[in-house]
Amino acid sequence: MIKAIKGTKDILPDSIGKWKYVENIISSVFKYYNYSEIRTPIFEETLLFARGIGEATDIVGKEMYTFEDRSKTSVTLKPEMTASVVRAFIEHSLGKKHSLNKLYYISPMFRQERPQAGRLREFHQFGAEALGSSSPLLDVEMISMAYDILSGLGLKDLTIKINSLGTPESRKNYTQKLREYLKDKKHLLSGESKERIDKNILRIFDSKIDNDIEVMKDAPLLLDFLDNESKDNFEHVKSLLTSSNIPFEIDASLLRGLDYYTKTTFEIISGKVGSQDALCGGGRYDLLVEQFGGEPTPGTGFAAGIERILIACEKENSFVVPESSINLYIVCLEKMLISKAYELAQSIRRNNICVEMDYIGRSVKAQMREANKLNSEFVLFFGGEEYSEGKVQLKNMKNGTQELVKIENLVNKISGD
RNA sequence: GUGGGCGUAGCUCAGUCGGUAGAGCAUCAGGUUGUGGCCCUGAGGGUCGUGGGUUCAAUCCCCAUCGCUCACCCCA
């Protein structure tokens, strides 16, 4: 039997309701903030992600779905969206059309990692990018939109963490200081942390090993080494969040794993979804556009994982999808009449009325049970003497009442007189 | 890439201290002639993940393999 590829999931009719529910909230929140939707291809030239996300990152180093197409071009299924949006922004000169571009997306993404709870190889993200302003208003807007969507879905167990990574120069400055600090303490660190000194020194702050935590307790902090611009941005973001009543925590160990981030970054985690607890992450990327050869354009954005959010919603029982229903079920009383019943169904459907009937010759009882299961508003009994007189019995399933209706009056009756 | 758990009907699971299997839900048919939701009756549906080994005999023991799952890493 051929099965879906590891780490991919079918979204079956049972669960499509909650996906639509979530997607509706997402796009309505973006609409209130006046973000426009953008869709980009599912795959791009590999170079785009390699350069944008960073050669040394895990995503580029070991997680991308990369292959050569028939013309020997290396292409990659998108592992995230920011690089693609920036590419489209430059390619279509969006910066010339509007000085500020506020964009959002909902799209599948692909990363070849080992699947686990809240982590798939094909997963769905929504997110936003604002290109053309370095204003902290937009950093706050990102956090605010993400928070509005998550709370709009009824989630309560959320923590917003913010940090600032500064500019590349201030970060470089800082890591130098950190390296000096660790020079004579190296022997106290765990093996893993030792390796990180060269690989990704900031990650040592993430260690859960007691000795490492002890060593890092007195280490210099990046936040104390920020350049003035980054510091201003961060301070402004904090005060705007406070005045917008958005609760947040400062987390100096919050590091985003993509190279393009500068200044303020943030993450929203859920206490309900297991070890992959980041529902959403984002931050500012003021240098990415020019890095790709565009006019220098500051940007900020975020992305959130829909599957993780759905896990959180289920754990918190945070919303109930309204039951689906139909307007009319046609119960066919005589098998001979099934084609006539179908013609009637068709003509009623063309009046924007949702009609279902039995296609497989089930008993009347079974048809009634089906009508009930579908939450049909009305049931029409098709056949018998009434039919030969051009009438049918129409039953209201809510209150059980039934009346004889002329076939030509059905549409009016059903659409509520 | 590394480690743990699991793999029995469509779904959720039970079970056999080794003698080829069951429940609930779902599906279908019925509970008097053309009528639902509750309830009742019945039916269909499984080579017990796959391959090999031990044994008179394995779904249950052993080995391998595949798949799923959780965790590390990292990320949404």
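Letters A, B, ... mirror the listed sequences (proteins, then strands); counts begin at 1.
- Among the nucleotides B/A76, B/G34, B/U27, the one closest to the side chain of A/K373 is B/U27.
- Distance alone, capped at 3.5 Å, places no donor-acceptor pair between the A/S376 side chain and the A/N372 backbone.
- For A/E316, there are no salt bridge (Lys or Arg N to Asp or Glu O under 4.0 Å) partners, not counting sequence neighbours.
- Within the structure, salt bridge (Lys or Arg N to Asp or Glu O under 4.0 Å) pairs that include any residue of residues 47-64 of chain A comprise A/D58-A/K62 (at least two apart or interchain).
- Side-chain atoms of A/R119 come within donor-acceptor range of the base of B/C74, with a qualifying N/O pair under 3.5 Å.
- Of the residues in residues 389-396 of chain A, those with a non-hydrogen atom less than 4.0 angstrom from any atom of RNA chain B are A/Q393, A/K395.
- Residues satisfying the salt bridge (Lys or Arg N to Asp or Glu O under 4.0 Å) test with A/K263, not counting sequence neighbours, are A/E229, A/D286.
- With B/C68, B/A76, B/C70 as the candidates, the nucleotide lying closest to the side chain of A/K6 is B/C68.
- For A/E386, counting side-chain heavy atoms from C-beta on, the closest listed nucleotide (B/G36, B/G34, B/C74) is B/G34.
- Under 4.0 Å is where a charged nitrogen must lie from a carboxylate oxygen, and between A/E37 and A/R39 at least one such pair does.
- In this structure, the aromatic ring of A/F123 is positioned over the six-membered ring of the base of B/A76, centres within 5.5 Å and planes within 30°.
- Under the 3.5 Å distance criterion, the side-chain polar atoms of A/R308 are left unmatched by any main-chain donor or acceptor of A/L279.
- Here B/C68 presents its P atom at 12 Å from CG of A/L120, a figure rounded to the nearest Å.
- Taking atom NZ of A/K365 as the reference point, atom P of B/U41 lies 14 Å away to the nearest angstrom.
- A heavy atom lying under 4.0 Å from RNA chain B marks the following residues of residues 275-283 of chain A, by number: A/S275, A/Q276, A/A278, A/L279, A/C280, A/G281.
- One can place CZ of A/R369 at 12 Å from P of B/U35, the figure rounded to the nearest angstrom.
- Note: A/F30 and A/F126 have perpendicular aromatic rings, judged against thresholds of 30 and 60 degrees for the angle between ring planes.
- Phosphate contact (OP1/OP2 of B/A71, side-chain N/O of A/Q116, threshold under 4.0 Å): present.
- Between A/K18 and A/E314, at least one side-chain nitrogen of the basic residue sits less than 4.0 Å from a carboxylate oxygen of the acidic one, meeting the salt-bridge criterion.
- Applying the salt bridge (Lys or Arg N to Asp or Glu O under 4.0 Å) test to A/E141 and every residue at least two apart in sequence or in another chain returns A/K102.
- Both tests do not hold together for A/K177 against A/Y181: distance to the six-membered ring centre under 6.0 Å, angle to the ring axis within 45°.
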Side chains of residues 6-15 of chain A: which donor-acceptor partners sit under 3.5 Å, not counting sequence neighbours?
{"from": "A/T8", "atom 1": "OG1", "to": "A/I5", "atom 2": "N", "distance (Å)": "3.3"}
{"from": "A/T8", "atom 1": "OG1", "to": "A/I5", "atom 2": "O", "distance (Å)": "2.6"}
{"from": "A/S15", "atom 1": "OG", "to": "A/L12", "atom 2": "O", "distance (Å)": "3.2"}

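- Residues passing the side-chain hydrogen bond (donor to acceptor under 3.5 Å, both in side chains) test with A/S133, sequence neighbours excluded: none.
- A salt bridge between A/E44 and A/K78 is absent, with no side-chain N of the basic residue lying under 4.0 Å from a carboxylate O of the acidic one.
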Here RNA chain B, pairs taken as Watson-Crick or G-U under 3.5 Å and shown with ( ), [ ] when crossing and | when to another strand, reads (((((((..((((........)))).(((((.......))))).....(((((.......))))))))))))....
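- Within residues 18-45 of chain A, no residue places a heavy atom under 4.0 Å from RNA chain B.
- Looking at the side chain of A/A117, the nearest of the listed nucleotides B/C70, B/A76, B/C74 is B/C70.
- Taking the salt bridge (Lys or Arg N to Asp or Glu O under 4.0 Å) definition, one finds that A/E214 meets it with A/K217, sequence neighbours left out.
- Within residues 306-342 of chain A, the residues having any heavy atom closer than 4.0 Å to RNA chain B are, in order of number, A/R308, A/L333.
- For A/E385 against B/G34, a side-chain-to-base donor-acceptor contact under 3.5 Å is absent.
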